[in-house]
Amino acid sequence: MTKKILLVSIFSFIITLTFAQFGIKGGMNFSSFTFSNAEYKTGFHIGGVYKKPLNEKLFFQPGVLFTSDGAKLTDAVSGKTNVNMYSLETPLLMTFRPEISGQAKLLLDFGFYLRYGLFGKTISEVDNITYKYNTFEEYERFDLGLSLGAGTKLNNIIFVVSYQLGFLGVEKNLNAYNTSFKLSIGYEF
């Protein structure tokens with residue numbers, strides 16, 4: 001099921017190639033989980049996006065990004081844990097772009113994302129002993145969630161701040177979700 005959803009999203013992305021404008025995008029992530037003991041972890045994202053016009057101000061903007069996510073967890077019993085995830089993410093966004101002035105536009109993004117964990121390592125320190133293991137032994141590989149963003153476009157350069165909240169549980173045994181803030185800069189060709 002997970003592989004089928006990922007393949008459909010990649011196929012949809014490829015179809016838009018013929019009618020869209022290509023761009024590149026990258027920046028910083030501040031990701032965490034909705035656990036009470038979770039702190040934000042700094043990561044990155046980089047990849048390509050396409051912009052398909054629906055009218056003069058509204059666009060469909062899918063993309064494919066390589067991201068680093070995760071969280072820092074602190075617990076009196078289990079010590080400190082650093083969860084590292086490296087994933088392939090497909091944002092499926094609608095972007096509204098009204099003109100502010102001349103070459104400047106406001107960007108309002110809303111939509112969903114699909115994320116599939118490729119690899120990761122979790123490092124836990126308990127009583128001065130370090131344990132390292134595959135992140136996906138304990139955490140889910142697949143995530144689907146809401147994505148909201150705002151920014152500006154000056155000529156062909158884009159600046160966006162976005163927020164993501166996962167709909168699916170991040171850990172196999174608990175009810176918690178992925179959350180992240182992204183600061184992105186991009187260029188549309």
Side-chain angles (χ1 to χ4, degrees), residues 2 5-6 9-10 13-14 20-35 37-51 61-74 80-93 95 107-125 130 132-168 170-171 176-189:
T2 305
I5 292 172
L6 184 61
S9 64
I10 291 172
F13 174 73
I14 292 169
Q21 180 180 11
F22 175 72
I24 55 173
K25 179 176 165 179
M28 294 178 65
N29 299 347
F30 302 96
S31 61
S32 187
F33 305 146
T34 57
F35 294 134
N37 65 335
E39 298 176 20
Y40 281 91
K41 174 180 178 43
T42 304
F44 67 90
H45 61 277
I46 188 165
V49 295
Y50 284 93
K51 182 181 77 172
Q61 184 176 294
V64 174
L65 304 173
F66 178 72
T67 67
S68 71
D69 300 290
K72 294 179 182 180
L73 308 172
T74 305
K80 294 181 180 182
T81 301
N82 193 355
V83 181
N84 300 294
M85 298 179 177
Y86 297 90
S87 306
L88 184 64
E89 181 178 306
T90 302
L92 302 169
L93 302 175
T95 181
L107 276 70
L108 298 172
D109 296 341
F110 54 95
F112 300 95
Y113 71 89
L114 301 166
R115 186 179 303 135
Y116 184 77
L118 301 172
F119 58 92
K121 185 173 281 190
T122 297
I123 302 168
S124 295
E125 290 183 28
T130 302
K132 296 180 182 180
Y133 55 93
N134 180 340
T135 295
F136 301 109
E137 290 176 14
E138 189 173 340
Y139 299 95
E140 297 290 345
R141 285 186 184 271
F142 184 73
D143 191 28
L144 163 70
L146 176 68
S147 183
L148 302 170
T152 59
K153 178 183 177 188
L154 303 170
N155 296 317
N156 290 347
I157 300 174
I158 294 173
F159 303 94
V160 179
V161 176
S162 58
Y163 174 74
Q164 294 180 327
L165 177 62
F167 293 154
L168 306 177
V170 67
E171 192 172 14
Y177 306 94
N178 281 306
T179 180
S180 69
F181 292 93
K182 293 184 183 219
L183 302 175
S184 304
I185 186 168
Y187 184 85
E188 291 182 346
F189 297 98

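Fair warning: this is a prediction, and the values are worked out from it, not measured in the lab.
- Exactly one residue among Gln164, Lys41, Arg115 makes a side-chain contact (heavy atoms from CB on, under 4.5 Å) with Asp69. That residue is Arg115.
- Using modelled atom types, one finds a donor on one side chain and an acceptor on the other under 3.5 Å when comparing Thr122 with Thr135.
- Below 30°, between 30° and 60°, or above 60°: for Tyr86 and Phe44 the angle between ring planes is between 30° and 60°, a tilted geometry.
- Remark: Ser180 OG to Glu89 CD distance equals 7.0 Å, nearest 0.5 Å.
- In this structure, Ser32 contributes its side chain and Thr179 its backbone to no donor-acceptor pair below 3.5 Å.
- Nearest heavy-atom pair across Leu108 and Ala150 is CD2-CB, 4.1 Å.
- Side-chain atoms of Tyr177 and Asp143 form no donor-acceptor pair, as typed in the model, at a separation below 3.5 Å.
- The NZ atom of Lys153 sits 6.0 Å away from atom CD1 of Ile158, with the distance rounded to the nearest 0.5 Å.
- Ring geometry for Phe22 versus Phe189: interplanar angle under 30°, hence parallel rather than tilted (30 to 60°).
- Of the possible polar contacts, one joining the Ser31 side chain to the Gly70 backbone as a donor-acceptor pair under 3.5 Å is found.
- Residue-environment remark: CZ (Phe112) stays at or below the threshold of 12 foreign heavy atoms within 6.0 Å.
- Among all heavy-atom pairs drawn from Ala176 and Thr34, the shortest one is CA-OG1, 3.4 Å.
- Note that the OG atom of Ser162 and the OH atom of Tyr113 stand 11.0 Å from one another [nearest 0.5 Å].
- Asn134 contributes a side-chain N or O that, together with a main-chain N or O of Phe136, makes up a donor-acceptor pair within less than 3.5 Å.
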Before you tell me yes or no, could you show the steps for Phe142 and Tyr116 under ring pair (Phe, Tyr, Trp, His ring centres under 6.0 Å), namely the whole-Å CA-CA distance, both residues' side-chain angles and the distance that decides it to 0.1 Å?
CA-CA 5 Å; Phe142 184 73; Tyr116 184 77; 7.1 Å; no

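- Between the side chains of Thr74 and Asn37, no donor-acceptor pair is found at a separation under 3.5 Å.
- Side chains of Ser147 and Asp109 form no contact here, defined as non-hydrogen atoms less than 4.5 Å apart.
- Considering every non-hydrogen atom in both Ala38 and Phe33, the closest pair reads CB-O, 3.4 Å.
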